[in-house]
Amino acid sequence: MVARLYRTLWRIGEVVGVVSETPRTKSLVLDVPGWEGHKAGQHVDVRLTAPDGYQTQRSYSIASAPEDERVVLTVDRLDDGEVSTYLTDVVTAGDRLELRGPIGGYFTWEEGDGGPLFLVGGGSGVVPLMAMTRHRATSGSDVPTRLLLSFRSHEEIIYREELEDLAAHDGSLEVFYTLTRARPQGWTGYHRRIDARMLEEVSWGPHESPLAFVCGPTPLVETVGTALVGLGHDPARVKTERFGATGG
Amino acid sequence: MGEGFISRGFGGRRRRPDDSRLPPGQYLVDGFPVLSAGPTPLTPLEQWDFTLVGEVDEPKRWSWEEFGQLPSEEITTDIHCVTKWSKFDTRWEGVSVDTLLEGVETSAEYITAYCDGGYTTNLALEDVTGGKAWVAFAYDGEPLEPVHGGPARLLVPHLYFWKSAKWVRGLRLATQNEPGFWESLGYHNFGDPWREQRYWGD
Ligand SMILES: Cc1cc2nc3c(=O)[nH]c(=O)nc-3n(C[C@H](O)[C@H](O)[C@H](O)COP(=O)(O)OP(=O)(O)OC[C@H]3O[C@@H](n4cnc5c(N)ncnc54)[C@H](O)[C@@H]3O)c2cc1C
């Protein structure tokens, strides 16, 4: 057991860059002094403090690869959200953020864990999967990998260009999309919520025992987890992380 | 660290409704979030049983039907998840762990709850006795849904909610405190939300 996997002290990171990923989503690039690295899939806890001392905390997955010296968070703006609106509307380069981590030792993937790797995500659920995909690319791994990602519309796809670019140069990486609401003209991807049939079409069969990571709102994670087990996949090879404070 | 730190431009939208009921670092939700590490297991009731094993004079076992005959209690309580949400006044029905342990002779000081899907969680025996813990099978007047841990889950509302193990199938009594599933992945061995015991070292 690694003695200090969990960095439980609060520390202050500086925002050194803000990237607009989609109209609703921003990435915050953080410089965290003394950061000892993380595993792809882990998250940090962010704590906000108002002048009167009121505090609130939320979890955000780390989007960057462990090899990256900067810690990148990607935040999806919820209209009535307390923390996500602050992080996407207010925070700019030069601001400081209080956080602790990395946290979480289960929903993680390291190159040596092998595959084939089946990454299924919805909305901001793509964030920890992107950390895994980036780690895979940076470490030069050729573990066969398929991503199945669900977004509402084409413009809400997070990391689209980077994923296209990675897949174009890597024969063992494939990316599949489904758009649940609007789709552009000529769209050839899926156009419905992820279901068992889609999973069967995109995933490897159970006999190839892929390692599946499923992340997103609870209903998506429930559907995908249940369907994969129903298709004959070993539940122990299906790891899930639920983001939504809603649903269930 | 972070003493005196203020987040520039942060006012805070969700003020604490009733300070005395919300542990530090928690915020209140209306919905019922879900947290688990893998797919939801579905055990048919004919195959379900609940067992007491380990440091006991005699192991015990109840089928679903026998379990349903045990005296049950209605519980209304606040719950606190380590992922920061709290929910007030949740309503449950379940069998008190005191009832399950009635007449059991043991020198154990700890228990491990074991569950479908391979989950375990460890607790001090004194944290689940004396009217502090139940095996709950109904939520809000309805059978407990699988996604929330049905057919039955442990309910230990005074600790962070991962200790309220979903899909629970039994308790193993032990003289030593053995970290369970989440506890061996960095979550705290005791998990008291009022002392913010979230992770190792807290
Ligand atoms: C381990 C973990 C990792 C996470 N990683 C990320 C990440 O990488 N990027 C990211 O953007 N978010 C992530 N989240 C979600 C994040 O922690 C917050 O829940 C989210 O940003 C909403 O917080 P808020 O303060 O803006 O909204 P709140 O003020 O808490 O809630 C506003 C409203 O939105 C609802 N709501 C809350 N969360 C969601 C949701 N996810 N989907 C739909 N409705 C919701 C609430 O019920 C409420 O009605 C993660 C959560 C967990 C547990």
Side-chain angles (χ1 to χ4, degrees), chain A residues 1 3-12 45 47-59 80-83 85-86 89-92 94-98 100 103-107 214 218 221-222 224-229 233 235-242 244-248, chain B residues 1-16 19 22 24-42 81-87 116-119 139 145-149 179 181-188 196-202:
Chain A
M1 183 80 36
R4 291 271 308 174
L5 246 175
Y6 298 87
R7 309 288 156 190
T8 53
L9 291 183
W10 290 101
R11 50 175 131 195
I12 293 170
D45 283 356
R47 178 165 77 180
L48 303 183
T49 307
D52 65 355
Y54 167 76
Q55 290 188 324
T56 192
Q57 304 176 20
R58 299 289 186 279
S59 301
D80 63 339
E82 178 176 40
V83 174
T85 52
Y86 172 79
D89 296 350
V90 180
V91 169
T92 58
D95 278 335
R96 296 181 314 148
L97 269 188
E98 206 176 9
R100 64 172 178 164
I103 296 158
Y106 185 72
F107 195 83
V214 186
T218 297
V221 174
E222 278 304 307
V224 173
T226 306
L228 286 174
V229 174
H233 292 271
R237 302 272 295 169
V238 179
K239 302 192 173 194
T240 63
E241 182 132 281
R242 292 157 169 93
T246 54
Chain B
M1 221 222 247
E3 217 45 51
F5 179 83
I6 288 173
S7 311
R8 183 192 63 82
F10 178 67
R13 288 193 187 181
R14 284 178 211 287
R15 294 292 160 157
R16 301 169 146 225
D19 253 0
L22 205 54
Q26 295 293 110
Y27 67 100
L28 197 62
V29 298
D30 297 324
F32 193 161
V34 174
L35 179 81
S36 32
T40 297
L42 301 165
C81 178
V82 71
T83 65
K84 321 283 163 14
W85 56 266
S86 292
K87 189 171 167 62
D116 282 323
Y119 300 101
Y139 174 73
E145 288 177 58
V147 64
H148 289 309
F181 178 83
W182 294 107
E183 293 81 4
S184 56
L185 291 169
Y187 287 87
H188 201 279
E196 235 187 319
Q197 294 172 333
R198 295 180 197 276
Y199 314 123
W200 294 352
D202 275 356

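What you see is a predicted model, and the numbers here were worked out from it, not measured in a lab. The chains referred to below are lettered A, B, ... by the order of the sequence lines, with proteins before strands, and numbering in each begins at 1.
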Could you pull out the closest heavy-atom pair between A/Val238 and B/Pro39, with the gap in Å? O-CD, 3.5 Å
Of the non-hydrogen atoms in B/Glu196 and A/Gln57, which two are nearest, and what is the gap between them? OE2-NE2, 3.2 Å
Are any of the side-chain nitrogens in A/Asp45 or B/Arg198 under 4.0 Å away from the carboxylate oxygens of its partner? no
Does B/Pro33 reach the side chain of A/Arg242, with side-chain heavy atoms less than 4.5 Å apart? no
Keeping the roles fixed (side chain from B/Ser7, backbone from A/Thr49), state whether a donor-acceptor pair exists under 3.5 Å. yes
Quick check on A/Tyr86 against chain B: is it the side chain, the backbone, both or neither that has a heavy atom closer than 4.5 Å? side chain
Please give me the minimum heavy-atom distance between A/Pro51 and B/Ile6, naming the atom from each residue. CA-CD1, 3.9 Å
Looking at every non-hydrogen atom in both residues, tell me the closest pair between A/Ala50 and B/Gly11 and how far apart they are. CB-O, 3.5 Å
Can you tell me how far OH of B/Tyr187 sits from CD1 of A/Ile103, rounded to the nearest 0.5 angstrom? 7.0 Å
Count the heavy atoms of every other residue, nucleotide or ligand shown that sit under 6.0 Å from CZ of A/Arg96, and state whether that count exceeds 12. no
Which bit of A/Val90 is near chain B, if near means a heavy-atom gap under 4.5 Å: side chain, backbone, both or neither? both
What are the two closest heavy atoms between B/Arg8 and A/Thr92, and how far apart are they? NH2-OG1, 3.8 Å
Worked check of side chain to side chain contact (heavy atoms under 4.5 Å, CB included) between A/Leu97 and B/Phe5: CA-CA 9 Å; A/Leu97 269 188; B/Phe5 179 83; 5.7 Å; no
So do the side chains of B/Phe10 and A/Glu82 get within less than 4.5 Å of each other, counting heavy atoms only? yes
